[in-house]
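Here the structure comes first, spelled out in structure tokens, and everything after it is commentary.
Worth saying up front: this structure is predicted, and the values here are computed from it rather than measured.
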Amino acid sequence: MSRATTRVAARKRRHTSIRLTVEGSAARPRLAIFRSLNHIYAQVIDDQRGATLAAASTLDAAAKGDAKMTKVQEAAAVGTLIGERAKAAGVAQVVFDRAGFRYHGRLKALADAARAAGLEF
């Protein structure tokens, strides 16, 4: 097995373990993060209804803006955007689902920006 396959499999195993305890509800939906090599995606999900309440990613024109940004800066912009969209949907508190990724770099920048935008986790 290659190192890349093992690393992906390990993240999926961690994600499965995390999802056993983390569940979103109507009162406190789940803020799910997915980080690919080039982009980062965030969704606020009510797991009981199976509905996405708000979503943002680096593919959104609102997150990019006009300036050339680093991946960490783009993640912070996505965090601000998801915080604003969640507040507009009436969500104040969320459960943070890091999906097996380590809490640093782009993930931390997104979480800090979402907190600054008014989300509580």
Going by heavy atoms in the side chains, are [X] and [Y] under 4.5 Å from each other?
X      : Y      : result
Arg98  : Ile18  : yes
Arg115 : Glu120 : no
Phe96  : Ile33  : yes
Leu59  : His39  : yes
Arg28  : Ser25  : yes
Arg7   : Arg11  : no
Arg19  : Thr16  : no

* To do: Begin with the C-alpha distance, continue with both residues' side-chain angles, and end with the deciding distance and a verdict on side-chain contact (heavy atoms from CB on, under 4.5 Å) for Asp97 and Leu31.
  => CA-CA 6 Å; Asp97 177 11; Leu31 175 60; over 6 Å; no
Could you pull out the closest heavy-atom pair between [X] and [Y], with the gap in Å?
X     : Y      : value
Gly83 : Ala117 : CA-CB, 3.8 Å
Arg85 : Ala62  : NH2-CB, 4.3 Å
Thr52 : Gln43  : OG1-NE2, 4.1 Å
Lys64 : Glu74  : NZ-OE2, 3.2 Å
Pro29 : Val91  : CG-CG1, 3.7 Å
Ile82 : Ala114 : CG2-CB, 4.3 Å

Does [Y] offer a backbone N or O that forms a donor-acceptor pair with the side chain of [X] under 3.5 Å?
X     : Y     : answer
Asp60 : Ser57 : yes
Asp47 : Gly24 : yes
Arg30 : Val95 : no
Glu84 : Leu81 : no
Thr80 : Ala76 : yes
Lys71 : Leu37 : yes

If you group Ile, Leu, Val, Met, Phe, Trp and Tyr by side-chain heavy-atom gaps below 4.5 Å, do [X] and [Y] land in one group?
X      : Y      : result
Ile40  : Phe121 : yes
Phe101 : Val22  : no
Tyr103 : Phe34  : yes
Leu107 : Ile45  : no

